[in-house]
Asks: 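Quick one: the structure is below, questions incoming.
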Amino acid sequence: MIPAIRCTNLVKSYDGRPPVEAVRGLDLEVRQGECFGLLGPNGAGKTTTIEILEGLLEATSGQVEVLGLAWGRADNEIRQRIGISLQETRLSEKLTVLETLTLFRSFYRQGPQPRDVLAKVSLEEKADSWVGKLSGGQKQRLAVACALVGDPELLFLDEPTTGLDPQSRRQLWDIIREIRAAGRTVLLTTHYMDEAERLCDRVAIADLGRIIALGTPHELIASLGGEHVIEFTLDGDTRHFDRAELGKLAGVSDFSHDNGQVSLSVSEPHIALPALLECLDRHSAALTSLTTRHASLEDVFVKLAGRHLDDAAGATA
């Protein structure tokens, strides 16, 4: 089966002193019928990559195929078969919701009736409302509806839930799940790792314009060596506490420490916790906090990139 998306050695540079490389030799393949997540902090190159795949930007070098076709040779055919929801969608505020969707429907040879798409995104009651009167979550759902009105084989969603309240976010998650269940391909970019874990069949984690990890969420989390994390901080002077000893404790596969907080990757918390407490007791080290949680894709990013997502976003802002 032809991949929905394939790009090889993709590079995008911007002139400057020095030149800025937003994408640095990126390789990516998205299978038909899957929800694929392109993850990473702001500045990782996600939006640049997806805009090249959408035909909105021209790559500096590299090869790109979308549904087996190439931009520059089959542009109209590709546009008829894809749907796009940009990171920021500005629609005319003086058109109604139904007028907006009818306009977008006119761009495609085929597709469902606009009112049917409004029902799919739960906006049928807002059909006659001006776009300017919609809430942020309703505008995001309308943007997704505009991407769906051509009945696309491949749907691009660039940071679709950024800035939304929890309820609006979950409503969009349900829409994405329905699209995926209908056998369509979805490429989703997000910096919310929990979102990717819930929605995506496979994910690629990007940082500084490159892919640093690729696999299913379960595979990537399992690569940490444990599906649980124990985090703790200690009271007082801990200069004489040998943290390397933590990596040798029963049930601990890896450990890290940052700004006084220690994180242990463990597969069996019921074994690792007693071993940790015994170790701390031997060194007369007092806990000030202790938590346990399931490992996440953000832990994978921290292990590979050596910093947290928030730190990475700040560094590239």
Side-chain angles (χ1 to χ4, degrees), residues 37-46 162 166 169 190-200 202-317:
L38 183 57
L39 319 181
N42 295 332
K46 304 187 306 295
T162 298
R169 215 176 148 209
T190 181
H191 60 271
Y192 296 128
M193 296 299 185
D194 63 322
E195 186 165 273
E197 288 179 42
R198 291 171 182 266
L199 298 177
C200 297
R202 291 192 303 140
V203 298
I205 300 178
D207 187 37
L208 302 177
R210 294 188 176 94
I211 300 299
I212 60 173
L214 175 67
T216 68
H218 178 76
E219 287 170 346
L220 294 180
I221 292 171
S223 71
L224 295 170
E227 296 186 0
H228 301 269
V229 176
I230 299 174
E231 296 176 329
F232 64 91
T233 56
L234 299 175
D235 185 29
D237 185 359
T238 59
R239 287 177 298 176
H240 302 297
F241 179 71
D242 185 7
R243 290 187 176 89
E245 187 176 343
L246 297 172
K248 303 174 184 178
L249 295 177
V252 175
S253 58
D254 198 6
F255 81 99
S256 63
H257 54 88
D258 182 37
N259 292 327
Q261 178 171 282
V262 180
S263 298
L264 307 179
S265 294
V266 304
S267 55
E268 298 176 297
H270 65 283
I271 294 176
L273 270 172
L276 170 63
L277 296 176
E278 182 182 347
C279 174
L280 296 178
D281 185 58
R282 285 199 310 271
H283 292 280
S284 301
L287 286 167
T288 54
S289 68
L290 175 68
T291 60
T292 63
R293 59 177 175 81
H294 284 283
S296 69
L297 289 174
E298 181 160 2
D299 296 307
V300 177
F301 179 84
V302 171
K303 180 178 180 179
L304 295 174
R307 63 200 191 284
H308 291 275
L309 274 173
D310 291 342
D311 298 335
T316 55

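What you are looking at is a predicted structure, and each value in this text was computed from that prediction instead of being measured.
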Asks: Does anything in residues 280-289 form a salt bridge (Lys or Arg N to Asp or Glu O under 4.0 Å)? List the pairs, not counting sequence neighbours.
Replies: Glu245-Arg282, Glu278-Arg282
Asks: According to ring-ring contact (aromatic ring centres under 6.0 Å, His included), who are the partners of His294, at least two apart in sequence or on a separate chain?
Replies: His228
Asks: Atom CD1 of Ile205 and atom CE of Met193: how far apart are they, to the nearest 0.5 Å?
Replies: 5.0 Å
Asks: How long is the span from the CD atom in Gln261 to the CG atom in Leu234, to the nearest 0.5 Å?
Replies: 10.5 Å
Asks: Over all heavy atoms of both residues, which pair between Pro41 and His191 is shortest? Give the atoms and the distance, please.
Replies: CA-CB, 4.5 Å
Asks: Quick one: does Asp299's side chain get under 4.5 Å of Arg293's, heavy atoms only?
Replies: yes
Asks: Using a strict 4.0 Å threshold on nitrogen-to-oxygen distance, state whether Glu219 and Arg202 make a salt bridge.
Replies: no
Asks: Under the side-chain hydrogen bond (donor to acceptor under 3.5 Å, both in side chains) test, which residues partner Thr162, sequence neighbours left out?
Replies: Glu159
Asks: Looking at Ala295 and Leu224, what are the two nearest heavy atoms and their distance?
Replies: CB-CD1, 3.8 Å
Asks: Quick one: closest heavy-atom pair of Leu304 and Ile212, and the distance?
Replies: CD1-O, 3.5 Å
Asks: What are the two closest non-hydrogen atoms of Leu249 and Ala275, and how far apart are they?
Replies: CD2-O, 3.9 Å
Asks: One pair to check against side-chain contact (heavy atoms from CB on, under 4.5 Å): Glu197 and Ser296. What are the steps and the verdict?
Replies: CA-CA 8 Å; Glu197 288 179 42; Ser296 69; 3.3 Å; yes
Asks: Taking only residues two or more places apart in sequence, or in another chain, which ones meet Thr291 in a side-chain contact (heavy atoms from CB on, under 4.5 Å)?
Replies: Glu231
Asks: Which pair of heavy atoms, one from Ala44 and one from Ala206, lies closest together, and at what distance?
Replies: CB-O, 3.5 Å
Asks: Under a 3.5 Å cutoff, is there a donor and acceptor pairing between the side chains of Ser253 and Ser265?
Replies: no
Asks: Considering residues at least two apart in sequence or located in another chain, which fulfil the side-chain contact (heavy atoms from CB on, under 4.5 Å) criterion with Leu290?
Replies: Ile230, Phe232, Leu273, Leu276, Leu287
Asks: Which distance, rounded to the nearest 0.5 Å, do you find between the CG of Leu214 and the CG of Leu220?
Replies: 7.5 Å
Asks: Between Val252 and Leu246, which heavy-atom pair has the shortest distance, and what is it?
Replies: CG1-O, 3.5 Å
Asks: Report the residues that fulfil side-chain contact (heavy atoms from CB on, under 4.5 Å) with Ala196, sequence neighbours left out, ordered by chain and then residue number.
Replies: Leu39, Thr190, Cys200, Val203, Leu297
